[in-house]
**Student:** 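The structure is given below, and queries will be raised subsequently.
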Amino acid sequence: MCGSGTTLVEYKLTGRNGIGVDINKNSIMLTRDRLNFSYETIDNSIPKTTQKTYIGDARNLNKIETESIDLIATHPPYANIIPYSKERIEGDLSNVHSIKEFAEEMKDVARECFRVLKPNHFCAILIGDTRRNLHYVPVAFRTLNSFLEVGFILREDIIKHQWQCKSTPYWVKKSMESNFLMIMHEHLFIFRKPAENEKLNKYKESMF
Ligand SMILES: C[S@@+](CC[C@H](N)C(=O)[O-])C[C@H]1O[C@@H](n2cnc3c(N)ncnc32)[C@H](O)[C@@H]1O
């Protein structure tokens with residue numbers, strides 16, 4: 001779900017090798033284009049990295065070996081709030097309207113993340129909510145549950161404050177006209193895959 005490649009650009013700048021997967025060929029092309037830069041640090045302290053990309057489905061990361069990944073940083077669509085493919089690519093989760101169905105698909109994503117991540121390592125996922133028929137739709141919390149259900153434990157819920165977006169003036173007007181509060185945050189959930197043989201009872205009592 002690497003989109004236009006921001007995460008891989010940051011990996012390159014911070015000396016991490018990366019693998020970017022996206023279901024949309026155009027995203028992968030854009031990501032490759034964005035990665036096409038070179039830079040130097042004054043003291044050469046950032047190692048040269050390899051950024052690999054491929055067109056694939058996050059629900060089936062079959063090109064990635066089990067327990068081979070040190071860190072997952074992903075940014076799924078928020079159900080169908082923003083459709084990322086006009087031509088309705090098969091498997092593009094930004095085409096899924098039903099929140100229940102979206103949470104089920106995200107459970108498959110979570111399962112694959114769990115499989116490829118090394119034990120006792122972190123999986124970060126940025127996700128937000130939406131509003132339909134004036135009511136609040138908790139996309140993020142449904143997704144959080146999907147990740148807990150496959151065995152992750154929640155280490156942090158970091159709130160990313162959203163303001164001054166391109167669409168903000170539209171939503172300010174709309175919220176005043178229809179009397180609802182604007183959604184001005186996203187969640188950056190940081191999950192941890194338990195270590196091998198880790199006793200989980202203390203977490204289970206509070207999370208499940
Ligand atoms: C919120 S965007 C990611 C934006 C990204 N952080 C960036 O910097 O541009 C979500 C991405 O998920 C991709 N996507 C949707 N369903 C997918 C799936 N099943 N597997 C992989 N990628 C998927 C979309 O094509 C889109 O590029």
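Every value quoted in this text rests on a predicted model; they were computed, and no experiment measured them. Each ligand, and each atom within it, is numbered from 1 in the order the structure gives.
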**Student:** For atom 14 (N) of ligand 1, what is the nearest protein heavy atom, given as residue, atom name and distance?
**Tutor:**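 Going atom by atom, the protein heavy atom closest to atom 14 (N) of ligand 1 ends up being Ile23 CG2, 3.8 Å.
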
**Student:** Could you work out, for atom 20 (N) of ligand 1, the closest of Ala58, Pro76, Gly20, Gly3 by heavy-atom distance?
**Tutor:**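 Nearest option to atom 20 (N) of ligand 1, by heavy atoms: Ala58.
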
**Student:** Among all protein heavy atoms, pick the one closest to atom 15 (C) of ligand 1 and tell me residue, atom and distance.
**Tutor:**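 Protein heavy atom with the smallest distance to atom 15 (C) of ligand 1: Asp92 OD1, 3.2 Å.
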
**Student:** Which of the numbered atoms in ligand 1 are under 4.0 angstrom from any heavy atom belonging to Ser4?
**Tutor:**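 Per the distance check, 7 (C), 8 (O), 9 (O).
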
**Student:** Determine yes or no for a side-chain-to-main-chain donor-acceptor pair under 3.5 angstrom, with Arg115 supplying the side chain and Leu61 the backbone.
**Tutor:** yes

**Student:** Got the closest protein heavy atom to atom 8 (O) of ligand 1, with its distance?
**Tutor:** Thr6 OG1, 2.4 Å

**Student:** Using a strict 4.0 Å threshold on nitrogen-to-oxygen distance, state whether Arg59 and Glu112 make a salt bridge.
**Tutor:**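 Result for this pair is no, no salt bridge flagged.
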
**Student:** Got a donor-acceptor contact below 3.5 angstrom from the Lys193 side chain to the Glu67 backbone?
**Tutor:**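 The answer is no, because no donor-acceptor pair under 3.5 Å joins these two groups.
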
**Student:** How would you list all residue pairs meeting salt bridge (Lys or Arg N to Asp or Glu O under 4.0 Å) that involve residues 157-175, not counting sequence neighbours?
**Tutor:**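 The answer is Lys160-Glu186, Lys173-Glu177.
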
**Student:** Within a distance under 4.0 Å of any heavy atom of Gly56, pick out the atoms of ligand 1 and give their elements.
**Tutor:** 20 (N), 21 (C)

**Student:** May I ask you to check if ligand 1 and Leu93 share an N or O to N or O distance below 3.5 Å?
**Tutor:** yes

**Student:** Does Tyr170 belong to the same Ile/Leu/Val/Met/Phe/Trp/Tyr cluster as Leu134, with side-chain heavy atoms less than 4.5 Å apart forming each link?
**Tutor:** yes

**Student:** Would you check whether Asp57 has a nitrogen or oxygen atom less than 3.5 angstrom from a nitrogen or oxygen atom of ligand 1?
**Tutor:** yes

**Student:** Quick one: does His75 get an N or O within less than 3.5 Å of an N or O on ligand 1?
**Tutor:**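 Between His75 and ligand 1, an N or O pair is found under 3.5 Å apart.
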
**Student:** Check for a donor-acceptor pair, side chain of Thr31 on one end and backbone N or O of Gly3 on the other, with a separation under 3.5 Å.
**Tutor:**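 It does hold such a pair.
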
**Student:** Are any of the side-chain nitrogens in Glu196 or Lys118 under 4.0 Å away from the carboxylate oxygens of its partner?
**Tutor:**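 The answer is no: the pair does not qualify as a salt bridge.
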
**Student:** Which of the numbered atoms in ligand 1 are below 4.0 angstrom from a heavy atom of Asn24?
**Tutor:** 25 (O)

**Student:** I'd like to know if the side chain of Glu156 reaches the main chain of Ile190, judged simply by a donor and an acceptor atom lying under 3.5 Å from each other, with no hydrogens or angles considered.
**Tutor:**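 Not confirmed, Glu156 side chain does not pair with Ile190 backbone.
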
**Student:** Among all protein heavy atoms, pick the one closest to atom 1 (C) of ligand 1 and tell me residue, atom and distance.
**Tutor:** Tyr84 OH, 3.1 Å

**Student:** Do any N/O atoms on Ser94 end up under 3.5 angstrom from N/O atoms on ligand 1?
**Tutor:**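 Checking ligand 1 against Ser94, no N or O pair falls under 3.5 Å apart.
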
**Student:** Check for me whether Cys2 has a heavy atom closer than 4.0 Å to any atom of ligand 1.
**Tutor:** yes

**Student:** What part of Ser27, side chain from CB on, backbone N/CA/C/O, both or neither, has a heavy atom under 4.0 Å from ligand 1?
**Tutor:** side chain

**Student:** Using 30° and 60° as the class limits, which term best fits the ring planes of Phe189 and His187: parallel, tilted or perpendicular?
**Tutor:** parallel

**Student:** Parallel, tilted or perpendicular: which fits the ring planes of Phe152 and Phe191, with parallel below 30° and perpendicular above 60°?
**Tutor:** tilted

**Student:** Where is the nearest protein heavy atom to atom 25 (O) of ligand 1: which residue, which atom, and how far?
**Tutor:**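 Going atom by atom, the protein heavy atom closest to atom 25 (O) of ligand 1 ends up being Asp22 OD1, 2.7 Å.
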
